[in-house]
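These values consider heavy atoms only, across backbone and side chains, with no hydrogens, waters or symmetry-generated copies.
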Amino acid sequence: MPESGGSRAQREHIPTPGTGPGAETPPTLPAQAIRAAGADTVSGAAGAVGAAEAAGAAGPTAKAVQTARRTGFLVTMVLGGLTALPPLSMDMYLPALPAVTDSLSAPAATIQLTLTACLAGMALGQLVVGPMSDRWGRRKPLLLGMVVYVVATAICALAPTAELLIGFRLLQGLAGAAGIVIARAVVRDLYDGVEMARFFSTLMLISGVAPIIAPLIGGQVMRFTDWRGIFVVLTGVGVLLTLVVWKWLHETLPPGSRHTGGVTDALRTMRGLLADRVFTGYMVTGGLAFAVLFAYISASPFVVQEIYGASPQTFSLLFGLNSIGLIAVGQINGKLLVGRFRLDKVLGFGLAVIVLAALALLLMTLGVFGEVGLVPIAAGLFVLMSAMGVAMPNTNAQALMRTKHAAGSASALLGTSSFLIGAIASPLVGIAGEDTAVPMAVVQVVCAVAAVGCFLALCRPWQRAGREAAGL
């Protein structure tokens with residue numbers, strides 16, 4: 001697959017008036033001005049430029065350039081908001097886990113199932129929404145999912161028992177899946193190659209703000225109200241994002257590119273994707289890396305607060321610091337590494353760092369280095385989280401590069417595998433109770449080593465490097 005190239009919106013959706021025989025190549029909009037815009041919006045801006053050129057203008061009008069830049073920024077922010085919704089739903093709730101345990105008189109393992117249920121819902125929902133978006137376009141399924149998300153989140157705030165909270169978190173996850181899968185599909189509609197990897201890094205920058213501020217917001221909400229107030233805030237966020245999507249996110253999948261088949265056709269498409277060994281390799285590698293991340297997310301509130309005695313505010317600050325590391329490395333990946341080094345090489349380096357960090361955490365929690373405090377554990381978690389800024393965007397980009405006409409289904413498989421594997425890992429971290437961090441570290445080491453093994457066995461990056469060197 002090619003690892004270079006510009007925006008697919010530029011290549012496929014923008015009408016270029018001077019492309020006939022003998023036609024002169026007209027000036028076009030700068031790539032940065034149109035890179036992130038939705039297909040319909042970008043086409044409109046480019047059409048305005050073409051009209052100006054046909055009238056004898058020397059180049060694109062300032063108004064058209066400004067329109068493309070403005071709408072491109074808005075679409076980028078909308079996609080960033082959609083990818084930020086899952087960490088908001090998860091991380092605002094994390095400081096409240098011990099309080100929920102006390103409030104609902106349920107064991108910690110049961111309350112951790114509220115995370116598992118939400119994650120499983122997001123996984124299963126993507127299998128439905130992804131093919132729907134390939135058939136009916138991106139916009140309608142997204143709006144429907146957002147409305148259901150708002151309703152489910154509001155109901156979570158009223159749940160009187162742990163069992164009902166688990167059920168409503170499952171519904172919240174099922175509906176929230178629309179934002180995850182369709183945001184990724186929209187990126188695939190508009191970009192390809194290195195540009196797609198860079199845009200995923202940009203989304204990581206935007207969505208990465210969510211895990212920084214979410215625990216901080218959750219901790220502050222807990223100072224003025226109980227854990228139910230967190231779901232009230234999330235309901236407001238969902239309403240705001242739904243309105244933003246309705247107003248500013250244009251359709252990016254033209255009718256001619258949509259699938260017309262039903263469930264059978266969707267299953268056939270997914271089966272074809274899974275038959276691609278390399279696609280499946282990147283999918284499972286990304287899912288296992290996500291399991292390492294989610295083992296940290298689900299266990300860290302108890303590890304940091306219950307075992308090492310940190311306050312909810314201190315936990316929130318440490319969680320935010322780790323998220324800053326993830327964002328920073330994600331930007332280094334997008335700005336400095338992608339385009340200079342092969343994506344497989346960068347991905348392999350990130351996976352190696354994750355394995356080393358997980359091993360260090362396991363040795364510390366086992367007491368190999370004696371009694372360690374919060375600072376060494378926090379340092380190990382920081383390194384592990386930061387390395388995710390390399391692993392996650394590059395697995396997604398490499399997998400989606402292999403899908404041209406089924407971005408929704410491919411995105412659904414990527415998201416479903418990640419969330420299902422994460423949902424399985426979540427309860428395992430609490431299997432030995434709340435007084436030890438060893439299960440968290442064991443789950444992280446096993447998943448990290450498995451991710452490396454999958455990457456080497458299925459993706460076989462040395463073979464791809466050899467073909468590229470031979471010009472194949």
Side-chain angles (χ1 to χ4, degrees), residues 87 90-102 106-116 118-119 211-212 214-216 218-219 222 227 230 288-326 353-388 421-448:
M90 294 288 181
D91 300 342
M92 278 185 63
Y93 179 62
L94 293 180
L97 283 177
V100 177
T101 300
D102 295 336
T110 300
I111 298 304
Q112 283 177 328
L113 287 176
T114 62
L115 295 175
T116 301
C118 186
L119 212 65
I212 294 176
L216 296 174
M222 291 287 291
W227 59 271
I230 293 176
L288 290 167
F290 186 81
V292 176
L293 174 64
F294 199 74
Y296 158 76
I297 291 174
S298 59
S300 59
F302 297 97
V303 171
V304 174
Q305 295 180 82
E306 302 295 326
I307 298 177
Y308 293 97
S311 67
Q313 286 71 35
T314 300
F315 165 74
S316 300
L317 290 173
L318 289 175
F319 197 94
L321 181 63
N322 291 340
S323 299
I324 290 175
L326 187 150
V353 173
I354 291 172
V355 170
L356 293 176
L359 284 172
L361 286 167
L362 178 59
L363 294 176
M364 285 189 286
T365 56
L366 287 172
V368 174
F369 304 119
E371 191 72 24
V372 298
L374 177 60
V375 172
I377 294 293
L381 291 173
F382 176 80
V383 173
L384 185 144
M385 280 283 286
S386 298
M388 293 293 172
I421 296 173
I424 293 171
S426 174
L428 297 178
V429 301
I431 197 170
E434 305 174 30
D435 301 324
T436 175
V438 172
M440 176 192 75
V442 169
V443 170
Q444 290 174 333
V445 169
V446 171
C447 291

Considering non-hydrogen atoms only, spot the tightest contact between [X] and [Y] and give its length.
X	Y	result
Thr365	Val438	O-CG2, 3.5 Å
Phe315	Ser300	CE1-OG, 3.5 Å
Gly219	Pro95	N-CG, 4.1 Å
Ala378	Asn322	O-OD1, 4.2 Å
Ala96	Trp227	CB-CB, 3.7 Å

Would you give the length of the straight line joining atom [atom1] of [X] to atom [atom2] of [Y], rounded to the nearest 0.5 angstrom?
X	Y	atom1	atom2	value
Leu97	Ile111	CG	CD1	8.0 Å
Met440	Ile307	CE	CD1	8.0 Å
Cys118	Leu113	SG	CG	12.5 Å
Phe382	Leu384	CZ	CG	11.5 Å
Ile354	Cys447	CD1	SG	11.0 Å
Gln444	Leu381	CD	CG	6.5 Å

Less than 4.5 Å apart, side chain to side chain, heavy atoms only: is that true for Ile230 and Met222?
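Contact flag for Ile230/Met222 side chains = yes.
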Taking side chain as C-beta onward, heavy atoms only, is Phe294 less than 4.5 Å from Ile421?
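Of all side-chain heavy-atom pairs linking Ile421 with Phe294, none is under 4.5 Å.
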Tell me if the aromatic rings of Tyr296 and Phe319 count as close, with their centers under 6.0 Å from one another.
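Ring-ring flag for Tyr296/Phe319: true, centres closer than 6.0 Å.
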Using the test side-chain hydrogen bond (donor to acceptor under 3.5 Å, both in side chains), find all partners of Thr114 that sit at least two apart in sequence or belong to another chain.
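Expected list: Tyr93.
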From the options Leu428, Leu362, Val292, select the one residue that forms a side-chain contact (heavy atoms from CB on, under 4.5 Å) with Val443.
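When Leu428, Leu362, Val292 are each tested with Val443, the side-chain contact (heavy atoms from CB on, under 4.5 Å) holds only for Leu428.
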Full working for side-chain contact (heavy atoms from CB on, under 4.5 Å) between Val375 and Tyr308
CA-CA 10 Å; Val375 172; Tyr308 293 97; over 6 Å; no
